[in-house]
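Contents: one structure, followed by commentary.
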Amino acid sequence: MVLSAYAELDLAAVTYNLTRIRAYAPKAKIMAVLKANAYGHGLLRIAKVLADADAFAVARLGEGIALREAGITQRIVVLQGFLDREELEFHIRYGLEPVIHSPFQAELLEQIPSAEVVTVWLKLDTGMHRLGLLADQFAPNYSRLQNCPAVRRPIPVMTHLANADVVQDTFTGQQLDRFNSALHNLQTECSIANSAGVLAWDGTRSGWVRPGIALYGVSPFPGRTGPDEGLKPVMSFRSRLIALKDLKAGDAVGYGGEWVCPRPTRLGIVSVGYGDGYPRSARTGTPVLVRGRRVSLVGRVSMDMISLDLTDCPDAQVGDEVTLWGKGLPVEEIAQHASTIPYELLCGVTPRVKMVERWE
Ligand SMILES: *Cc1c(COP(=O)(O)O)cnc(C)c1O
């Protein structure tokens, strides 16, 4: 069968990246982050490939339940925790570990009568100011949970870094100081690092580390790529050339006629568009790989198609495979051309794109 838009997933690269991450943080345990359908790579698929991860983290309860129902037995941390009593009971039933980020969650835990039925992670807000207890709420809520019969002790503690992808930013140091001073004599498990922490920040690589994007072979740092960090990209997003045509100088291409041929132009049409998750914000000049050569996207991205200037790639044929991002064309670079980040591109690949697994 000829597949048009498809995503080839190099699953051996996932385990390779896990090994690389262990080498960066040899003393740490790894909580592999699988939120948003494993950054678009498939929640269950990636969980199964990562059998060697020490634990998993997901954003939401439903993702944790899906992992348990598929037979995943590792610890699973639910980063957003529970919103009400019913969600708390689901965490207990499925053996999931909610993150406690707000006092209302401590109140709900106090209403659970049974002894030691749930492991929770207490989250300290050290400056991200999204989820987590503020410094002055931390100690009272920690002791409150210590005294809560339903909660297993000692209670692990985590925080999240806001600027770790900017390696010269001093804010990460401040966040670390705040975390360490809040925890100064607690003997418990801790977790600080995301991928950027693991790859670049010494003080974050102890206890549990929580890599996401690095597992998928992508760099969290602006201007760098996965291979720059010694990682292998997992996803290669591909499709095929479905038409070729020769246009005259002055002919306009696509909706709005935004791009006008500056010279006699051989145009190629590829079967991929924003309906597949190729970003509509990708501008003229965004690279696409055809026959191993970089050519330019021209004109607007449509729902199901894009146009390429193939004038300098005269051997291209209808049916040729093209790479939108992945091996040989870093997704980080495409993100830059589309004014976004690789995270958004990876998790934006839509369900109509077939996932093809490979072990290379
Ligand atoms: C998404 C997320 C991570 C992983 O971040 P990456 O930059 O993908 O490594 C870690 N911790 C928390 C709380 C997250 O939300």
Side-chain angles (χ1 to χ4, degrees), residues 14 17-18 20-22 24-25 28-41 43 46-47 50 53-61 63-64 75-82 96-102 105 120-133 156-167 169 171-172 175-176 179 189-201 204-226 228-231 233-235 331-332 335 340-348:
V14 179
N17 294 334
L18 179 65
R20 289 290 306 161
I21 290 165
R22 283 209 194 277
Y24 277 101
K29 289 191 186 173
I30 296 185
M31 186 188 297
V33 180
L34 302 180
K35 63 197 184 193
N37 196 30
Y39 293 48
H41 296 67
L43 175 67
I46 301 299
L50 287 174
D54 303 294
F56 293 125
V58 293
R60 305 197 181 132
L61 172 62
E63 297 169 324
R75 293 174 67 176
I76 299 171
V77 177
V78 179
L79 296 168
Q80 294 183 0
F82 49 83
L96 304 172
E97 304 184 8
V99 169
I100 306 305
H101 50 75
S102 303
Q105 296 170 308
V120 304
W121 291 70
L122 196 58
K123 184 164 191 175
L124 175 64
D125 179 356
T126 53
M128 174 77 160
H129 295 148
R130 204 175 53 179
L131 293 181
L133 298 164
V157 181
M158 64 181 287
T159 193
H160 193 41
L161 301 173
N163 295 11
D165 57 321
V166 185
V167 289
D169 199 298
F171 194 61
T172 301
Q175 286 196 270
L176 279 174
F179 190 73
E189 295 181 297
C190 291
S191 178
I192 304 170
N194 52 6
S195 297
V198 176
L199 298 175
W201 294 93
T204 72
R205 299 188 184 106
S206 54
W208 286 85
V209 295
R210 306 189 307 273
I213 198 82
L215 286 167
Y216 309 101
V218 173
S219 175
F221 306 114
R224 292 176 62 86
T225 67
D228 292 338
E229 323 296 349
L231 303 167
V234 175
M235 183 192 291
V331 65
E332 292 92 334
T340 183
I341 54 174
Y343 297 73
E344 189 181 29
L345 295 185
L346 294 177
C347 66

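These numbers were taken from a predicted model, which means no experiment stands behind them. Just follow the structure's listing: the first ligand is 1, and inside any ligand the first atom is 1.
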With heavy atoms and a 4.0 Å threshold, my read on which part of R210 contacts ligand 1 is both
Taking every heavy atom of L50 against every heavy atom of F56, the minimum-distance pair comes out as O-CZ, 3.6 Å
Would you check whether M31 reaches within less than 4.0 Å of ligand 1, judged by its heavy atoms?
-> no
Quick look: M128 vs ligand 1, heavy-atom contacts under 4.0 Å, and the answer is neither
dist I76:CD1 -> L34:CG (nearest 0.5 Å) comes out at 8.5 Å
What I want to know is whether S195 and ligand 1 share at least one N or O pair that is separated by under 3.5 angstrom. yes
task: Can you label the angle between the Y343 ring and the Y39 ring as parallel, tilted or perpendicular, going by 30° and 60°?
output: tilted
_Using a 6.0 Å cut-off, check whether atom CZ of R60 has over 12 heavy atoms from anything other than its own residue._
no
Self-check item: Contact (N/O only, under 3.5 Å) between I213 and ligand 1
Solution: yes
With heavy atoms and a 4.0 Å threshold, my read on which part of P220 contacts ligand 1 is neither
- Look only at interatomic distance and state if K123 has a nitrogen or oxygen under 3.5 Å from any nitrogen or oxygen of ligand 1. no
| Does any N or O in the side chain of T159 come within less than 3.5 Å of the main-chain N or O of L124, such that one atom is a donor and the other an acceptor? | yes
request  = Report yes if some N/O of A214 lies less than 3.5 Å from some N/O of ligand 1; otherwise report no.
outcome  = no
Discussion item. Can you confirm whether E344 is buried at CD, in the sense that more than 12 heavy atoms of other residues, nucleotides or ligands lie under 6.0 Å from that atom?
Written reply: no
